[in-house]
Asker: 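Just passing along the structure, written as structure tokens.
We're numbering straight along the sequence, starting at 1. Every number for a ligand or one of its atoms is a count from 1 in the order of the listing.
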Amino acid sequence: MEVLSVASELYPIIKTGGLADVAGALPYALAKNGAKMRTLLPAYNYEKSKFSNHEIIHTYKDLFGTKAQLISCNHNDLELILLDAPSLYNRVGGPYLDKNGKDYPDNWKRFAALSKAAADIAGGICTNYKPDIVHAHDWQAALAPVYMKHGNKRAKSTPSLITIHNIAFQGKFDAEVFTKLGLGKGDENFDNFEFYGDISFLKAGLIHSNFITTVSPQYAREILTEDFGMGLDGVIRENSHKLSGILNGIDIEVWNPKTDEALAKNYDIKNITHRKHNKSKIEEIFELDRNNGPILCVISRLTEQKGIDVLINLFGAIVDLGARLVILGSGDKEVEATVKDAANKYKGRIGVKIGYDEALSHLLQGGSDAILIPSRFEPCGLTQLYGLRYGCVPIVARNGGLADTIIDANDAAINAGVATGFQFAKVNEHEFYYALKRAIDLYKTPKDWHKIQSNGMKADVSWVKSGAAYFELYKCALAEK
Ligand code: ADP
């Protein structure tokens, strides 16, 4: 079985969030089930030396007004097809935003081109590679199933699957973009794209794909509702017969406290006390006062979704409870500034690093006592899974994948010896405070705290189950073909 995964980011090549981790881990997970996955990825700042086994497998004279090539290559064990179209992708800035944090104005074209290339590959444009299934990720790849429906016989009959990593990102553009997508002479219904006067790539992808998955069973239920569907819940409800939730796993090789080179000291469940060396390094980096209290950490995009505003209002309370807090994050400039300002008042107790730092994120998981995730919604969430794996106890809002992956340390769970973290139901100061207080109180009883840590470290957060679930879905898709 050959699966073409279509993604706008992929770890370790380009990452802004969890999508990259998933796209980077899925090929390995599927290989274990006997499916071969190649990933179609835009060639952002393409540096030939980073890749091996280059082969140009198709040349476009004109893809949305520009010359482009499809380059088959490898990055370590990952098999890739890079869409090399320098005028679309070779930019100063990130994959979606320019260096001032603004959306590139031609994002519609950049990701329509990616999707069109995927549909062309499904249609057999590359002589040596013809995928059996196309698996598109998020709005950036969402037009792949649409272009496939408008493609040749092979493209039309190739099953497609779209995964929603976050329904808040919908690929919304001005309605006039619709006429520029090259979707034939009026044979695509504008209603499939229309979204409150604009168009949404994600909406069209959801309607046209054969299967829809999202990244946790709980989020699959949530997006059927007005509260979480972000305006697309009606579309999701109409297409619920093809929807399922498959929990993300994590790459347990990359995220392994026993071998992680980003840690000051490696450890495993048997010598968990070695974490103190990492904690000490965190104290040094964030210039924290040294004491016996817990260090709580946040590793996050700093946006409204992540509930950072609620956390800021609890800075004083956290310090009063005897804990210290370190924050590694980047995102909205305003939120970044507010976090920094608020933390300034608590020098030595709260430390903030604005920016994206992969190695530091590993160290924080390996040395902090708990990780805070007060997200207003969280499709799956990866940082709580890394937290489990590293004995960094997750304190999380009870929604989406956070609800599915953390067992709250209530009395029953503690007595049964199964708790792995702390949950709170509503993202407000009151509920978050009590979860923090419960955790900080329990930290004072090392035996109970270690039990929670070790339960988490024993939890299966790998891709084994989820890889098998995707494989089953692909088999289903092929059987229905
Ligand atoms: P989302 O995809 O919504 O941002 P996830 O929890 O699914 O949230 O994934 C976030 C990923 O990005 C994790 O791998 C996390 O460690 C990483 N991450 C987030 N912010 C930072 C940062 N400032 N520095 C390093 N890694 C970060």
Side-chain angles (χ1 to χ4, degrees), residues 7-26 94-97 101 137-140 163-169 214-216 218-219 228 230 246-252 254-257 260 262-263 282 285-286 297-308 311 326-333 335-336 339-340 351-368 371-390 392 394-397 399-406 421 461 463 466:
S8 56
E9 44 186 283
L10 176 132
Y11 178 86
I13 298 163
I14 174 97
K15 169 170 166 178
T16 71
L19 164 63
D21 291 335
V22 176
L26 209 47
Y96 321 118
L97 307 176
H137 298 274
D138 274 350
W139 74 264
Q140 293 90 339
T163 297
I164 306 168
H165 295 263
N166 190 336
I167 206 163
F169 303 116
T214 187
V215 288
S216 68
Q218 174 67 15
Y219 194 60
F228 289 90
M230 304 269 172
I246 301 177
L247 204 59
N248 286 335
I250 61 168
D251 187 328
I252 56 172
V254 174
W255 291 91
N256 183 355
D260 192 333
L263 301 187
I282 293 170
I285 293 174
F286 285 86
C297 77
V298 171
I299 305 162
S300 183
R301 288 186 290 118
L302 299 178
T303 62
E304 154 93 13
Q305 177 196 339
K306 301 291 181 176
I308 303 299
L311 175 68
V326 291
I327 299 178
L328 169 64
S330 60
D332 292 351
K333 298 291 160 214
V335 185
E336 287 180 359
V339 170
K340 272 204 292 199
V352 175
K353 297 262 179 234
I354 298 296
Y356 193 93
D357 189 332
E358 190 73 28
L360 186 55
S361 77
H362 284 239
L363 179 71
L364 291 183
Q365 297 279 12
S368 308
I371 180 159
L372 311 183
I373 314 174
S375 303
R376 292 195 160 82
F377 61 95
E378 195 57 79
C380 176
L382 293 175
T383 53
Q384 85 279 14
L385 302 179
Y386 302 143
L388 291 174
R389 177 112 173 109
Y390 277 61
C392 181
I395 303 175
V396 306
N399 58 54
L402 302 171
D404 282 336
T405 53
I406 303 302
V461 288
W463 271 99
S466 312

Asker: Of the side chain and backbone of Asn248, name the one, both, or neither that has a heavy atom under 4.0 Å from an atom of ligand 1.
Answerer: neither
Asker: For ligand 1, indicate whether the residue His165 contacts it via side chain, backbone, both or neither (heavy-atom separation under 4.0 Å).
Answerer: neither
Asker: Does only the side chain of Asp357 get under 4.0 Å from ligand 1, or the backbone, or both, or neither? Count heavy atoms.
Answerer: backbone
Asker: Any atom of ligand 1 sitting under 4.0 Å from a heavy atom of Leu328?
Answerer: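 Flag set, Leu328 near ligand 1.
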Asker: Are the side chain of Gln305 and the backbone of Arg301 linked by a donor-acceptor contact shorter than 3.5 Å?
Answerer: no
Asker: Specify side chain, backbone, both or neither for Ser300, according to which of its non-hydrogen atoms lie closer than 4.0 Å to ligand 1.
Answerer: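 For Ser300, only backbone atoms sit under 4.0 Å from ligand 1.
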Asker: Counting only heavy atoms, which portion of Gln384 has something under 4.0 Å from ligand 1: side chain, backbone, both, or neither?
Answerer: neither
Asker: For the atom pair CG (Asp251) and CG (Leu382), what is the distance rounded to the nearest 0.5 Å?
Answerer: 11.0 Å
Asker: At a 4.0 Å cut-off, with the gap strictly under it, does some heavy atom of Tyr11 reach an atom of ligand 1?
Answerer: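 It does not, in that no heavy atom of Tyr11 comes within the 4.0 Å cut-off of ligand 1.
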Asker: Could you tell me if any non-hydrogen atom of Pro379 lies under 4.0 Å from any atom of ligand 1?
Answerer: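 No heavy atom of Pro379 comes that close to ligand 1.
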Asker: Going through the checks in order, is the side-chain contact (heavy atoms from CB on, under 4.5 Å) test met by Ile308 and Val339?
Answerer: CA-CA 8 Å; Ile308 303 299; Val339 170; 3.6 Å; yes
Asker: Is there a heavy atom in Gln365 that sits closer than 4.0 Å to ligand 1?
Answerer: no
Asker: Would you say Gly329 touches ligand 1, if touching means a heavy atom closer than 4.0 Å?
Answerer: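 It does, in that a heavy atom of Gly329 comes within the 4.0 Å cut-off of ligand 1.
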Asker: Can you confirm if the aromatic rings of Trp255 and Tyr386 lie within a centre distance of less than 6.0 Å?
Answerer: yes
Asker: Are side-chain N/O atoms of Tyr390 and Asp260 paired as donor and acceptor at under 3.5 Å?
Answerer: yes
Asker: How long is the span from the OG atom in Ser8 to the NE2 atom in His137, to the nearest 0.5 Å?
Answerer: 9.5 Å
Asker: Given Tyr356, Phe377, Tyr386, Phe169, which has its nearest heavy atom closest to atom 26 (N) of ligand 1?
Answerer: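 Answer by nearest heavy atom: Tyr356.
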